[in-house]
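Numbers for residues simply follow the sequence, beginning at 1. Just so it is clear, the structure is predicted and the values come from calculations on it, not from any experiment.
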Amino acid sequence: MTDPRAAGDDTADQWLAESRQRLLHTPLAPEAASIGRVERVADAIVQISGLPEVRLNELLHFERGQTGFALTLDAHAISAVVLDGTTAIEAGSRVSRTGAVMQVPVGPNLLGRIVDPLGRPLDGGEAIVPEAWQPLERPAPAIIQRDLVSQQVDTGILVVDALFTLGRGQRELIIGDRATGKTSIAVDTIIAQKASDIICIYVAVGQRATAVERVIESIHQHGAPERSIFVIASAAASSGLQWIAPFAGMTIAEYFRDRGQHALIVIDDLTKHAATHRELALLTREPAGREAYPGDIFYLHARLLERAAKLSDELGGGSLTALPIAETDAGNLSAYIPTNLISITDGQIVLNSRLFAANQRPAVDVGLSVSRVGGKAQHPALRQVSGRIRLDYSQFLELEIFTRFGGIADTHVKVQVTRGERIRALLQQPRFAPLRPADQVALLAALDAGVLDELSMTSIAELRARLPGHLDATMPDAVKALATNAMLDKAVRDGFADAVRALAGTLRETPP
């Protein structure tokens, strides 16, 4: 029979031997830690003392597990923004430095996922294993590192592609009053990339949760969610998460651009981001300027949007296109934030509430909208057939005002009005129905040839819906040629117009 005391001695000896082995492999070295104290808590801002060496935007850890970052540095204290809520933080709590600035996870594992600005999943899926971590703030590419914007981003929206072309590497502002379809244009652009090589990042800043859900659902139903990333900081998120969201989305998008790929980022919207920045600035007692915004609000958005660029071939030739969204009050484009963003970006798509109420959707104001770069990137064939459409439409809008006072006697004016009405009907486009370049070229060629002048307004909508299948059946070679940015000779343009004429004939023959 075994002696239990002997067995106990063996167990003790074994435990002692294992403990010695663990101690032998334990690194013993002095460690230095910077510990500060919370002095005051107010909303999302925490005043901290005892961390004189902390850096701007450095990540901080609080003793109960919360994280934050240093927003302002004063002589005797720092102001930090808490990212996880301040309910468990009180005066006297300990705060420790991490030595690292704010970073976000990047990599292909983010594709198809819904995350917060810190890379934490919001879709109920597994934790994301990133390929790398990159700083929240990164310098924009230098001029010598950039290339000309020479490729078009096909939005599938005729009024945008024909009149205000968006180029890869461009920054185009979408601006208008509340509920005028700003997000709809951005979402339709993302959906149009279903068959392209562009990776899309949608960033929601301060948006309602229901609105964000509708955006995500639309892209899942009509687009390519497996090549999209959703960075969400809704209105219910903390002010700190809303503040870092656009920078986090830009860093995630830059990962793909820097590897020679093409990315598109939508920031919805920078007006709410500016309001969040003003809130944090006033809480940290920064001096207020125009409309109570701090003086660095222009620089904040400038250094954010400057990161969108087309890189040179030596750096891989990747591109990052930015579509920031901004909201106006009563169409006031001269307000502080709108004027800042208009001066930073390469053009703006202005949406008009009056046009939206008149059911002209997308409600793009062709007189105030402009693209300062993308015209050089427009498809050659599309540029051939869209040269006069903006001038003709602008003249029609002027003439339409005078036609309200009486009949039109001049034949030339009647032709202009008829053509303008057809242009307006052609520019109306339902959501989730992107047009290919071939479809757009065919419609504009038919417009130029006068084919649409004989059609009713309702027939134009039906024609647009049936055109893609008709072109694939009658002109497959021309459709393939347009996919390669080829120029069109007159015979092919006439062929497109004849194809639309034939389809229009079947519409007229169809009984009501």
Side-chain angles (χ1 to χ4, degrees), residues 148-168 170 172 185 189 192 346-350 360 362 364-400 412-429 434-455 460 463-464 467 471 475 478-479 481-501 504:
L148 297 176
V149 176
S150 58
Q151 294 176 280
Q152 179 173 339
V153 175
D154 295 321
T155 68
I157 305 172
L158 182 61
V159 65
V160 176
D161 289 342
L163 303 182
F164 316 107
T165 307
L166 182 64
R168 297 191 179 190
Q170 186 174 347
E172 185 80 0
I185 286 184
T189 302
D346 305 314
Q348 66 275 352
I349 298 174
V350 181
Q360 176 70 25
V364 177
D365 190 325
V366 297
L368 296 176
S369 303
V370 65
S371 176
R372 303 185 186 97
V373 177
K376 300 293 184 180
Q378 192 174 28
H379 287 299
L382 192 57
R383 186 164 56 246
Q384 287 177 284
V385 295
S386 63
R388 286 187 52 84
I389 182 173
R390 185 171 184 178
L391 177 61
D392 291 344
Y393 190 48
S394 299
Q395 291 177 345
F396 158 71
L397 294 177
E398 294 292 335
L399 289 172
E400 189 181 32
H412 179 68
V413 174
K414 288 182 179 180
V415 171
Q416 283 186 297
V417 171
T418 301
R419 177 64 55 85
E421 291 174 344
R422 300 311 182 272
I423 294 175
R424 179 159 59 191
L426 196 62
L427 296 182
Q428 291 182 7
Q429 188 171 338
L435 295 173
R436 302 171 302 178
D439 306 330
Q440 296 175 347
V441 169
L443 288 172
L444 295 179
L447 176 71
D448 190 51
V451 175
L452 304 183
D453 294 346
E454 303 174 2
L455 292 178
I460 291 178
L463 174 74
R464 180 174 49 237
L467 182 61
L471 291 180
M475 302 185 65
V479 171
L482 276 177
T484 61
N485 290 345
M487 293 282 290
L488 294 181
D489 55 29
K490 188 177 184 302
V492 178
R493 291 201 303 273
D494 293 342
F496 273 116
D498 292 338
V500 177
R501 184 178 287 107

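When side chains are defined from C-beta on, Glu172 does not count as touching Arg372, because their heavy atoms never get closer than 4.5 Å. Under the 4.5 Å side-chain criterion, counting only non-hydrogen atoms from C-beta, Val385 is not in contact with Asp448. The side-chain heavy atoms of Ser369 and Leu163, taken from C-beta on, include no pair separated by under 4.5 Å. Taking the side chain as every heavy atom from C-beta outward, Leu488 and Leu482 approach each other to under 4.5 Å.
For the atom pair CG of Leu467 and CZ of Phe496, the computed distance is 9.0 Å after rounding to the nearest 0.5 Å. Rounding to the nearest 0.5 Å gives a distance of 11.0 Å between CG of Asp161 and CG of Asp439. Atom CG of Asp453 is separated from atom CD of Glu421 by 10.0 Å, given to the nearest 0.5 angstrom.
The two residues Ala438 and Leu471 make their nearest non-hydrogen contact at O-CD1, 3.8 Å. Among all heavy-atom pairs drawn from Met475 and Ala499, the shortest one is SD-CB, 3.9 Å. Nearest heavy-atom pair, Arg168 versus Val153, reported as atom, atom and distance to 0.1 Å: CG-CG2, 3.4 Å. In terms of heavy-atom proximity, Leu158 sits nearest to Leu435 at CB-CD1, 4.2 Å. The two residues Arg422 and Ile460 have their closest heavy-atom pair at CD-CD1, 3.6 Å. The minimum heavy-atom distance between Leu399 and Gln416, with the atom names listed, is CD1-OE1, 3.4 Å.
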Decide yes or no on side chain to side chain contact (heavy atoms under 4.5 Å, CB included) for Val159 and Tyr393, but give the supporting numbers first.
CA-CA 11 Å; Val159 65; Tyr393 190 48; over 6 Å; no

Verdict with reasoning, Glu400 to Arg424, per side chain to side chain contact (heavy atoms under 4.5 Å, CB included):
CA-CA 12 Å; Glu400 189 181 32; Arg424 179 159 59 191; 2.7 Å; yes

Audit row: Ile185, Val364, side chain to side chain contact (heavy atoms under 4.5 Å, CB included) steps and yes/no
CA-CA 10 Å; Ile185 286 184; Val364 177; 4.1 Å; yes

Side chain to side chain contact (heavy atoms under 4.5 Å, CB included) between Leu397 and Val366, intermediate numbers included
CA-CA 10 Å; Leu397 294 177; Val366 297; 4.1 Å; yes

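Within the 3.5 Å criterion, the main-chain N or O of Gln428 finds a donor-acceptor partner in the side chain of Arg464. In this structure, Ser371 contributes its side chain and Thr165 its backbone to a donor-acceptor pair below 3.5 Å. In this structure a side-chain-to-backbone donor-acceptor pair under 3.5 Å is missing from Gln378 to Gln152. A donor-acceptor pair is defined here as one N or O able to donate and one able to accept, closer than 3.5 Å; no such pair exists between the side chain of Arg501 and the backbone of Ala446.
Among pairs with a residue in residues 482-493, those fulfilling salt bridge (charged side-chain N to carboxylate O under 4.0 Å, His left out) read Lys490-Asp494, at least two apart in sequence or across chains.
Within a 6.0 Å radius of CG in Leu148, no more than 12 heavy atoms belonging to other residues, nucleotides or ligands are found.
Among Leu444, Thr418, Ile423, Leu447, the single residue meeting the side chain to side chain contact (heavy atoms under 4.5 Å, CB included) criterion with Leu452 is Leu447.
At a cut-off of 3.5 Å, with distance as the only test, a side-chain donor of Asp154 or His379 sits close to an acceptor on the other residue.
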